[in-house]
Amino acid sequence: MTVTIKTAEDIAGMRIAGRLAAEVLEMIGEHVKPGVTTEELDRICHDHIVNVQKAIPAPLNYGGAPDRIPFPKSICTSINHVVCHGIPNDKPLKSGDALNIDITVIKDGYHGDTSKMFIVGEAPEWVDRLIRVTQECLYKGISVVRPGARLGDIGQIIQDHAHANRYSVVREYCGHGIGKVFHEDPQVLHYGRAGTGMELKEGMTFTIEPMINQGRPDTRLLGDGWTAITKDRKLSAQWEHTILVTADGHEVLTRRQEETFQ
């Protein structure tokens, strides 16, 4: 596994890209309401990234392969039982929907990758609870990032918190290294055993993006080659940040203004 240790120049570029990605999530929140389509949310985000930020939406036309088309939109929108990589469409959102918006911005060659859960209108308490616990899983994973820690430390603390709340952890999808490349080593699993896995070193940058399910952890990929759903069609939630390992801990490069970290 080859991991890129970022230079001071790289880190400066990633701070900018991370801040821009966070700004898109801050901007889009007021537009998330019953009746709006995810296609419209995609258009608003695309226009903001391209015209206001003078940046590039990384998902657009990403990842074509023999068995799937390149991703056709600028953001990912995953609703209710969609685990990740949902493609924006013309179906209106309805009150009670749980929506993940996943943003990746490229600025001056550097990527900033982050996602946030939104509740459309009003939702039952059990929807809010899964979303809240999933965010707690992300924050707990971030809290153990420091030089000398291991990837397994991140996985176990996330897994333990999810299981303590009687939820399951998706295993088919994980966090990843990031920089000038959208997806690079290391793979950051959201389950595992503390004290195992790659040792974290100053200058590493990667995402932590736990996908936590209300029911079983199993997923199924739809025919579009992108959209992953829960096999039992129960609710799934996800939150994501891009993290830098610093000399004495970590920095959340995609932190939103609403967030504080110890």
Side-chain angles (χ1 to χ4, degrees), residues 22 24-38 40-41 75-86 88-89 91-103 114-144 154-175 190-191 207-220 222 227-241 252 254-262:
V24 179
L25 288 178
E26 292 166 346
M27 175 276 300
I28 199 60
E30 66 179 310
H31 300 280
V32 177
K33 59 188 69 174
V36 73
T37 67
T38 50
E40 175 68 4
L41 297 178
I75 66 174
C76 298
T77 51
S78 301
I79 305 169
N80 297 334
H81 65 283
V82 178
V83 175
C84 60
H85 306 153
N89 60 37
K91 183 179 179 181
L93 294 170
K94 61 183 186 298
S95 186
D97 281 339
L99 169 67
N100 176 274
I101 298 180
D102 192 341
I103 303 292
T114 185
S115 81
K116 175 181 177 177
M117 293 298 300
F118 296 87
I119 291 178
V120 182
E122 296 184 5
E125 187 279 334
W126 55 267
V127 176
D128 182 74
R129 182 175 182 272
L130 175 64
I131 290 173
R132 174 176 50 79
V133 170
T134 303
Q135 186 177 35
E136 291 168 358
C137 284
L138 170 62
Y139 287 174
K140 285 178 178 292
I142 292 171
S143 73
V144 300
I154 299 171
Q156 179 164 356
I157 199 169
I158 290 172
Q159 175 180 267
D160 286 353
H161 190 61
H163 288 178
N165 285 277
R166 299 186 178 181
Y167 297 134
S168 63
V169 180
V170 171
R171 291 177 170 244
E172 290 94 338
Y173 302 93
C174 62
H190 304 118
Y191 60 93
T207 70
I208 303 175
E209 47 184 296
M211 288 143 275
I212 307 300
N213 291 352
Q214 178 191 30
R216 296 183 58 80
D218 310 283
T219 68
R220 180 170 68 86
L222 297 187
T227 307
I229 67 170
T230 57
K231 273 191 176 179
D232 59 13
R233 300 185 74 86
K234 290 189 176 181
L235 193 67
S236 185
Q238 180 189 24
W239 296 77
E240 176 183 14
H241 273 309
V252 181
T254 48
R255 181 181 67 85
R256 298 181 301 282
Q257 293 182 8
E258 70 202 47
E259 295 177 295
T260 57
F261 292 96
Q262 299 297 325

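Keep in mind that the numbers below use all heavy atoms, side chains included, and drop hydrogens, waters and symmetry copies.
Shown here are the salt bridge (Lys or Arg N to Asp or Glu O under 4.0 Å) partners of Asp232, two or more places apart in sequence or in another chain: there are none. Partners of Arg132 by salt bridge (Lys or Arg N to Asp or Glu O under 4.0 Å), not counting sequence neighbours, listed by chain and number: Glu136. Every residue two or more places apart in sequence or in another chain that forms a side-chain hydrogen bond (donor to acceptor under 3.5 Å, both in side chains) with Tyr139 is listed here: Gln135, Glu259. For His31, the side chain to side chain contact (heavy atoms under 4.5 Å, CB included) test picks out Met27, Ile28, Leu41, Ile44, with sequence neighbours left out. Listed by chain and number, the residues in a side chain to side chain contact (heavy atoms under 4.5 Å, CB included) with Pro217 are Ser168 (sequence neighbours excluded). Under the side-chain hydrogen bond (donor to acceptor under 3.5 Å, both in side chains) criterion, Arg233 pairs with His81, not counting sequence neighbours. For Glu172, there are no salt bridge (Lys or Arg N to Asp or Glu O under 4.0 Å) partners at least two apart in sequence or on another chain. In this structure, the side-chain hydrogen bond (donor to acceptor under 3.5 Å, both in side chains) partners of Lys94, at least two apart in sequence or on a different chain, are Asp97. A search for side chain to side chain contact (heavy atoms under 4.5 Å, CB included) contacts involving Gln257 returns Arg19, Glu26, not counting sequence neighbours. With sequence neighbours left out, Lys231 forms a salt bridge (Lys or Arg N to Asp or Glu O under 4.0 Å) with no residue at all. Not counting sequence neighbours, the partners of Gln156 by the side chain to side chain contact (heavy atoms under 4.5 Å, CB included) test are Asp160, Arg193, Ala194.
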Checklist entry - When you look at Leu93 and Thr37, which way does the side-chain contact (heavy atoms from CB on, under 4.5 Å) test go after all the steps? => result CA-CA 6 Å; Leu93 294 170; Thr37 67; over 6 Å; no
Item to check | side-chain contact (heavy atoms from CB on, under 4.5 Å) between Val133 and His161, worked out | outcome: CA-CA 8 Å; Val133 170; His161 190 61; 3.9 Å; yes
Next on the checklist: One pair to check against side-chain contact (heavy atoms from CB on, under 4.5 Å): Cys84 and Met211. What are the steps and the verdict?
Outcome noted: CA-CA 8 Å; Cys84 60; Met211 288 143 275; 4.1 Å; yes
Checklist entry - Given the rule in the side-chain contact (heavy atoms from CB on, under 4.5 Å) test, do Lys116 and Glu258 qualify, once you have shown the distances and angles that lead to the verdict? => result CA-CA 12 Å; Lys116 175 181 177 177; Glu258 70 202 47; 3.2 Å; yes
Donor-acceptor contacts, no H, no angles, side chain residues 124-131, under 3.5 Å, sequence neighbours left out:
| from | atom 1 | to | atom 2 | distance (Å) |
| --- | --- | --- | --- | --- |
| Arg129 | NH1 | Tyr167 | OH | 2.7 |
| Arg129 | NH2 | Asn165 | OD1 | 3.0 |

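At least one donor-acceptor pair closer than 3.5 Å links the side chain of Thr114 to the backbone N or O of Glu240. At least one donor-acceptor pair closer than 3.5 Å links the side chain of Ser78 to the backbone N or O of Gly86. In this structure, Ser236 contributes its side chain and Val82 its backbone to no donor-acceptor pair below 3.5 Å.
Checking each of Met117, Glu209, His85 against Asn100 for a side chain to side chain contact (heavy atoms under 4.5 Å, CB included) leaves exactly one that passes, namely Met117.
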